[in-house]
Amino acid sequence: MSGARLRGWFGAAATAGLLGWVVFGWLVPGFTAPEGIRASVVVVAAEAVAAVPAAADAAATVTVTPPTPAPAAAESAAAGSSLASTGETALLTGNAALVDADWAGRVAAATGIPVRAMLGYAGASLALAAEQPGCRLGWSTLAGLGNIESGHGTHAGSALGTDGTARPGIFGPALDGSDFAAITDTDGGAWDGSAAWDRAVGPLQFIPATWQRWGADGNRDGVNDPQQIDDAALAAGRYLCNYGDLALPDRWRAAVFAYNHVDSYVTAVAGYANTYAARAK
């Protein structure tokens with residue numbers, strides 16, 4: 001993807017403010033966003049929406065092309081596939097081990113998505129295909145979200161290790177009321193490092209209260225970690241699947257709009273998802 005690729009609130013913050021990281025905090029059913037929070041978004045780059053209709057069009061016109069499903073790893077490797085073929089050396093476990101590593105390497109090269117992020121997105125899609133077959137969530141939708149939220153875990157020099165964990169950890173600004181509505185601490189600083197104010201965390205930018213409800217263990221290490229891409233992708237996927245069959249345009253749009261209540265965000269995610277699906281063919 002070109003150097004002008006949208007990097008979510010990270011890459012665009014210097015010129016346009018912050019995007020979407022705070023909004024996943026409002027995903028808890030019954031939670032009411034503070035007044036004005038929906039206006040706290042960047043202007044989405046034009047290239048991000050080129051593949052889909054304008055956000056002002058009817059919701060059902062926002063269409064995402066289903067990506068070619070990620071092929072599953074061979075059964076003999078399902079308990080712990082190797083990344084050796086992609087130039088990395090870690091042993092994969094959990095959802096990442098469900099994905100054919102050669103395929104992940106090829107698609108990562110074609111799309112510009114880091115291979116470890118690709119394994120997280122595709123692994124979550126495969127896991128959810130078994131867990132919730134009526135959802136039909138493609139890996140490209142998770143990749144679209146991951147690009148906008150954190151540049152696939154690359155914000156401010158962070159990177160996903162072979163274990164899928166973002167290092168250094170990715171944190172949003174303190175929700176102290178200065179730029180966004182104030183959200184006092186809900187986790188004692190356990191996830192976001194602040195015992196005073198909540199902050200969004202990880203490559204998919206959960207706030208702690210949301211993670212407490214939707215947190216998942218995608219790498220099956222016994223810990224729900226929002227900084228770990230397999231965990232975060234599975235949690236995000238389960239939330240999206242809560243909106244039904246995501247192969248239907250209106251359900252897909254409803255799910256992504258719930259992730260961030262901004263039409264331009266939905267359109268941008270669709271644009272990236274379509275681009276990734278096309279490049280993966």
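Nothing here was measured: the structure is a model prediction, and the numbers come from that model. What you see below is based on every heavy atom in this structure, not just the backbone, and it leaves out hydrogens, waters and symmetry mates.
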*Asks:* Can you name the nearest heavy-atom pair linking T186 to P208, along with the distance?
*Replies:*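 Nearest heavy atoms, T186 then P208: OG1-CB, 3.6 Å.
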
*Asks:* Answer yes or no: is there a donor N or O on one side and an acceptor on the other, between the side chain of Q132 and the main chain of A129, under 3.5 Å?
*Replies:*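 Not confirmed, Q132 side chain does not pair with A129 backbone.
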
*Asks:* Work out which heavy atom in D187 is nearest to a heavy atom in D185; give both atom names and the distance.
*Replies:*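 Smallest heavy-atom distance, with atoms named: OD1-OD1, 2.7 Å.
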
*Asks:* Under 4.0 Å between a Lys/Arg side-chain N and an Asp/Glu carboxylate O for R136 and D245?
*Replies:*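 Salt bridge between R136 and D245, a charged N being under 4.0 Å from a carboxylate O: yes.
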
*Asks:* Between V64 and Y272, is there a side-chain heavy-atom distance shorter than 4.5 Å?
*Replies:*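 Side-chain contact under 4.5 Å: no.
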
*Asks:* To the closest 0.5 Å, what do you measure between CG (D217) and CG (D231)?
*Replies:*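 Reported to 0.5 Å precision, the distance equals 5.0 Å.
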
*Asks:* Show, in sequence, the C-alpha distance, side-chain angles and deciding distance for W252 and L248, and conclude whether the side-chain contact (heavy atoms from CB on, under 4.5 Å) test is met.
*Replies:* CA-CA 6 Å; W252 185 95; L248 302 177; over 6 Å; no

*Asks:* Do W214 and N242 make a side-chain contact, defined as non-hydrogen atoms from C-beta onward lying under 4.5 Å apart?
*Replies:*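 A side-chain contact under 4.5 Å exists here.
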
*Asks:* State whether R116 and D230 are salt-bridged, where the test is any N-O pair (Lys NZ or Arg NE/NH1/NH2 against Asp/Glu carboxylate O) under 4.0 Å.
*Replies:*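 Salt bridge present between R116 and D230.
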
*Asks:* When rounded to the nearest 0.5 angstrom, what distance separates OG in S158 from NE2 in H155?
*Replies:*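 Those atoms lie 6.5 Å apart.
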
*Asks:* Would you say the side-chain atoms of W197 and T184 include a donor-acceptor pair closer than 3.5 Å?
*Replies:*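 The answer is no; no qualifying pair exists.
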
*Asks:* Indicate the atoms forming the closest heavy-atom contact of G153 with I170, along with that distance.
*Replies:*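 Scanning both residues completely, I find the closest heavy atoms to be CA-CD1, 3.7 Å.
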
*Asks:* Please check: side-chain N/O of Q227 versus main-chain N/O of W191, any donor-acceptor pairing under 3.5 Å?
*Replies:*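 Flag not set: sc Q227 to bb W191 has no pair under 3.5 Å.
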
*Asks:* Evaluate the criterion side chain to side chain donor-acceptor pair (under 3.5 Å) for residue pair D192 and S194; output intermediate values, then yes/no.
*Replies:* CA-CA 6 Å; D192 62 5; S194 172; 5.2 Å; no

*Asks:* Check whether any side-chain heavy atom of I113 sits under 4.5 Å from a side-chain heavy atom of V107, and report yes or no.
*Replies:*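 In short, these two side chains do not touch, never coming nearer than 4.5 Å.
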
*Asks:* Just wondering, do N260 and I148 contact through their side chains at under 4.5 Å, heavy atoms?
*Replies:*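 Side-chain contact under 4.5 Å: no.
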
*Asks:* To the nearest 0.5 Å, tell me how far S150 OG sits from Q205 CD.
*Replies:*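 Here the interatomic distance stands at 7.0 Å.
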
*Asks:* Checking F206 against W211 for the ring-ring contact (aromatic ring centres under 6.0 Å, His included) test, could you report, in this order, the C-alpha distance in whole Å, the side-chain angles of both residues, the deciding distance, and whether it holds?
*Replies:* CA-CA 6 Å; F206 289 88; W211 188 253; 4.8 Å; yes

*Asks:* Without swapping roles, check the side chain of S125 against the backbone of L137 for a donor-acceptor pair under 3.5 Å.
*Replies:*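 The answer is yes, because a donor-acceptor pair under 3.5 Å joins these two groups.
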
*Asks:* Under the disulfide (SG to SG under 2.5 Å) rule, what pairs show up with a residue in residues 165-219, not counting sequence neighbours?
*Replies:*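 Passing the test, one end in residues 165-219: no pairs.
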
*Asks:* Considering non-hydrogen atoms only, spot the tightest contact between A117 and H152 and give its length.
*Replies:*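 Closest approach of A117 to H152: CB-CB, 4.1 Å.
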
*Asks:* Considering non-hydrogen atoms only, spot the tightest contact between L142 and A236 and give its length.
*Replies:*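 Answer, listing the atom of L142 first, then A236: CD2-CB, 4.2 Å.
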
*Asks:* Could you state the interatomic distance from CD1 (I207) to CD1 (I183), rounded to the nearest 0.5 Å?
*Replies:*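 Answer for the CD1-CD1 pair, I207 versus I183, is 4.0 Å.
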
*Asks:* In the structure I gave you, are the side-chain heavy atoms of N95 and L126 within less than 4.5 Å of one another anywhere?
*Replies:*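 No; the side chains remain at least 4.5 Å from each other.
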
*Asks:* Going by heavy atoms in the side chains, are W139 and M118 under 4.5 Å from each other?
*Replies:*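 They are in contact (side-chain heavy atoms under 4.5 Å apart), so the answer is yes.
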
*Asks:* Does some side-chain heavy atom of L240 sit less than 4.5 Å from a side-chain heavy atom of T141?
*Replies:*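 Yes, their side chains come closer than 4.5 Å.
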
*Asks:* Does G271 offer a backbone N or O that forms a donor-acceptor pair with the side chain of T275 under 3.5 Å?
*Replies:*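 Pair found, side chain donor or acceptor close to backbone of G271.
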
*Asks:* Between N224 and G215, what is the shortest heavy-atom contact and its length?
*Replies:*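 Smallest heavy-atom distance, with atoms named: ND2-O, 3.6 Å.
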
*Asks:* Taking atom types as modelled, is there a side-chain donor on N219 or T93 under 3.5 Å from an acceptor on the other?
*Replies:*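 The answer is no; no qualifying pair exists.
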
*Asks:* I'd like to check L160 versus P114 (side-chain heavy atoms, cut-off strictly below 4.5 Å). Are they in contact?
*Replies:*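 Counting from C-beta outward, L160 and P114 never come under 4.5 Å.
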
*Asks:* I need the W103 CH2 to L119 CG distance, nearest 0.5 Å.
*Replies:*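 Those atoms lie 8.5 Å apart.
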
*Asks:* Looking at F171, is R199 sitting on its ring face, NZ or CZ under 6.0 Å from the six-membered ring centre and within 45 degrees of the normal?
*Replies:*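 Yes, a cation-pi geometry.
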
